[in-house]
Amino acid sequence: MRINKLLSFMGFCSRRAADKLIEEGRVTVDGRVAGMGEQVDEGADVCVDGKPIIKEEEKILIAFNKPVGIVCTATDKQGKDNIVDYINYGKRIYPIGRLDKASEGLILLTNNGEIMNRMLKASYSHEKEYVVDVNKDITAEFLKGMMDGVYIRELDKTTAKCQCEPIYDKSDRDKKPDWDGKILKSTRRFRIVLVQGMNRQVRRMCEAFGYSVKRLKRVRIMNIKLGHLHVGKYRNLSDREYKTLLKELGMNY
């Protein structure tokens, strides 16, 4: 198989990260520097930075409630702010996707490159749900504009249509927005469900309407919910969660 896929299969890193390692000349196959796209046998002697790569048999997939200030990278360039070092799991794992430093909430980490690749593939349109607090009262026009798609000037792209609704206090949770006029009760909090992952997407969408995000919390990725997991803590996925996730990804349990 291709060298990047092999590193992913062995549970070392994602294919994208493997490509970078290969490009930097840090990967060797049977003692020689590996080439980009090279085909290798599973039994080949593959090393990264001179250290042999051994297949990790245990399949790890955990849910982590990321605090604000932690960076979603598997490298040590961020020091103590590195998510992998912060969790200190004890085995090699890496985050599936990103959640920017100023945001908090659910992120999954794994040693399974195939799960990571399928979850990150844009064509699968996997749902991610966020709870957002902004700096001023939201309007029906704002929510409708968010749902219809927003042109992001910095990226020269328009976001896909999405789900969006206001969040009220418990005493007003039965209220719904009036799309022909105003929100029935003022609130600065809303829920948004995205199926794509542009850089700082929610923040940029809000900025396009003159709003700034005060707090951004991811509460769900596909069928995995943050629930009552405490900030800075992680948990293993239940068998049911894991099985449902693999089914949605088109993988065998």
> Salt bridge or not for Asp148 and Lys144, using N-O below 4.0 Å?
Replying inline: yes

>> As an exercise, state the distance from OG1 of Thr139 to CD of Glu141, rounded to the nearest 0.5 Å.
In response: 4.5 Å

>> Going by side-chain hydrogen bond (donor to acceptor under 3.5 Å, both in side chains), Asp133 matches just one of Arg189, Lys214, Lys217. Which one?
In response: Arg189

>> Quick check: closest heavy atoms across Met198 and Gln196, and the distance to 0.1 Å?
In response: CE-NE2, 3.6 Å

> Taking a hydrophobic cluster as the set of Ile, Leu, Val, Met, Phe, Trp and Tyr residues connected by side-chain heavy atoms closer than 4.5 Å, whether directly or through intermediates, do Leu229 and Val231 fall within one such cluster?
Replying inline: no

>> For Arg203, give me all partners under salt bridge (Lys or Arg N to Asp or Glu O under 4.0 Å), at least two apart in sequence or on another chain.
In response: Asp100

> Can you name the nearest heavy-atom pair linking Gly31 to Thr28, along with the distance?
Replying inline: C-CB, 4.3 Å

>> Taking side chain to side chain contact (heavy atoms under 4.5 Å, CB included) as the definition, give me every residue that meets it alongside Asn236, ordered by chain and number, with sequence neighbours left out.
In response: Ile62, Tyr89

>> Please enumerate all residues that pass ring-ring contact (aromatic ring centres under 6.0 Å, His included) together with Tyr130, with sequence neighbours excluded.
In response: none

In residues 155-164, what donor-acceptor pairs under 3.5 Å come from side-chain atoms, sequence neighbours left out?
unit_1	atom_1	unit_2	atom_2	d
Asp156	OD1	Tyr151	OH	2.6
Thr159	OG1	Val150	N	2.8
Gln163	NE2	Glu127	OE2	3.4

> About how many Å separate CD1 of Ile107 and CZ of Phe64, when rounded to the nearest 0.5 Å?
Replying inline: 8.5 Å

>> Through direct or indirect side-chain contacts below 4.5 angstrom among Ile, Leu, Val, Met, Phe, Trp and Tyr, which residues connect to Val131?
In response: Ile167, Val219

> For residues 201-224, which residue pairs qualify under ring-ring contact (aromatic ring centres under 6.0 Å, His included), counting only residues two or more places apart or in two chains?
Replying inline: Phe142-Phe209, Phe142-Tyr211

> Any salt bridge (charged side-chain N to carboxylate O under 4.0 Å, His left out) pairs touching residues 224-236, not counting sequence neighbours?
Replying inline: Arg235-Glu241

> Within the side chain of Arg218, is there an N or O that forms a donor-acceptor pair under 3.5 Å with the backbone of Leu106?
Replying inline: yes

>> Between Leu6 and Ile53, is the side-chain contact (heavy atoms from CB on, under 4.5 Å) condition met? List the steps.
In response: CA-CA 10 Å; Leu6 179 64; Ile53 302 302; over 6 Å; no

>> With side-chain contact (heavy atoms from CB on, under 4.5 Å) as the criterion, how do Cys206 and Met146 come out once you've worked through the C-alpha distance, each side chain's angles and the decisive distance to 0.1 Å?
In response: CA-CA 8 Å; Cys206 290; Met146 295 281 281; 3.9 Å; yes

> So do Leu21 and Asn4 actually touch side chain to side chain, heavy atoms under 4.5 Å?
Replying inline: no

> Does some side-chain heavy atom of Arg92 sit less than 4.5 Å from a side-chain heavy atom of Asn111?
Replying inline: no

>> Taking the side chain as everything from C-beta on, heavy atoms only, tell me whether Leu99 gets closer than 4.5 Å to Ile83.
In response: no

> Hey, any chance Tyr168 and Val193 share a hydrophobic cluster, counting ILVMFWY side chains that come within less than 4.5 Å of each other, even indirectly?
Replying inline: no

>> Could you report the tightest heavy-atom contact between Ala63 and Leu237, atom names first, then the distance?
In response: N-CD1, 3.7 Å

> Taking it one step at a time, do Asn112 and Ile60 satisfy side-chain contact (heavy atoms from CB on, under 4.5 Å)?
Replying inline: CA-CA 7 Å; Asn112 189 311; Ile60 302 168; over 6 Å; no

> Which residues pass the side chain to side chain donor-acceptor pair (under 3.5 Å) test with Arg16, sequence neighbours left out?
Replying inline: none

> With side chains defined as the heavy atoms from C-beta onward, is the minimum distance between Met119 and Thr110 less than 4.5 Å?
Replying inline: no

>> Keeping Arg98 on the side-chain end and Cys72 on the backbone end, is there a donor-acceptor pair under 3.5 Å?
In response: yes

> Between Val68 and Ala102, which heavy-atom pair has the shortest distance, and what is it?
Replying inline: CG2-O, 3.7 Å

> Can you check whether Gln39 reaches Arg2 side chain to side chain, under 4.5 Å on heavy atoms?
Replying inline: yes

>> With rounding to the nearest 0.5 angstrom, report the CG to CD1 distance, Leu143 to Ile192.
In response: 9.0 Å

> Which residue pairs pass the salt bridge (charged side-chain N to carboxylate O under 4.0 Å, His left out) test with at least one member in residues 102-114, sequence neighbours excluded?
Replying inline: Arg15-Glu114, Glu104-Arg215, Glu114-Arg118

>> For the CD atom of Glu165 and the CE atom of Met147, what is their distance to the nearest 0.5 Å?
In response: 9.5 Å

> Donor-acceptor pair, Asp137 side chain versus Ser186 backbone, under 3.5 Å?
Replying inline: no

> Among all residues two or more places apart in sequence or in another chain, which pass the side chain to side chain contact (heavy atoms under 4.5 Å, CB included) test with Met36?
Replying inline: Asp19, Ile22, Glu23

> How would you list, by chain and number, every residue that makes a side chain to side chain donor-acceptor pair (under 3.5 Å) with Asp30, sequence neighbours excluded?
Replying inline: none

> Considering residues at least two apart in sequence or located in another chain, which fulfil the side chain to side chain donor-acceptor pair (under 3.5 Å) criterion with Glu38?
Replying inline: Arg32

> Side-chain contact, heavy-atom cut-off 4.5 Å: Arg188 with Asn135?
Replying inline: no

> Looking at side-chain heavy atoms only, is the closest gap between Thr244 and Met222 below 4.5 Å?
Replying inline: no

> Shared ILVMFWY cluster between Met1 and Val29, side chains joined below 4.5 angstrom?
Replying inline: yes

> How long is the gap from CD1 on Ile221 to NE2 on His126, to the nearest 0.5 Å?
Replying inline: 11.0 Å

> For Tyr86 and Pro67, which heavy atoms make the closest approach, and how far apart are they?
Replying inline: OH-CG, 3.7 Å

> Is there a side-chain contact between Gln201 and Lys128, using heavy atoms and a 4.5 Å cut-off?
Replying inline: no

> Of all heavy-atom pairs between Gly37 and Ile3, which one has the smallest distance, and what is that distance?
Replying inline: N-CG2, 4.3 Å

> How many angstroms lie between NZ in Lys101 and CZ in Arg200, if you round to the nearest 0.5 Å?
Replying inline: 13.5 Å

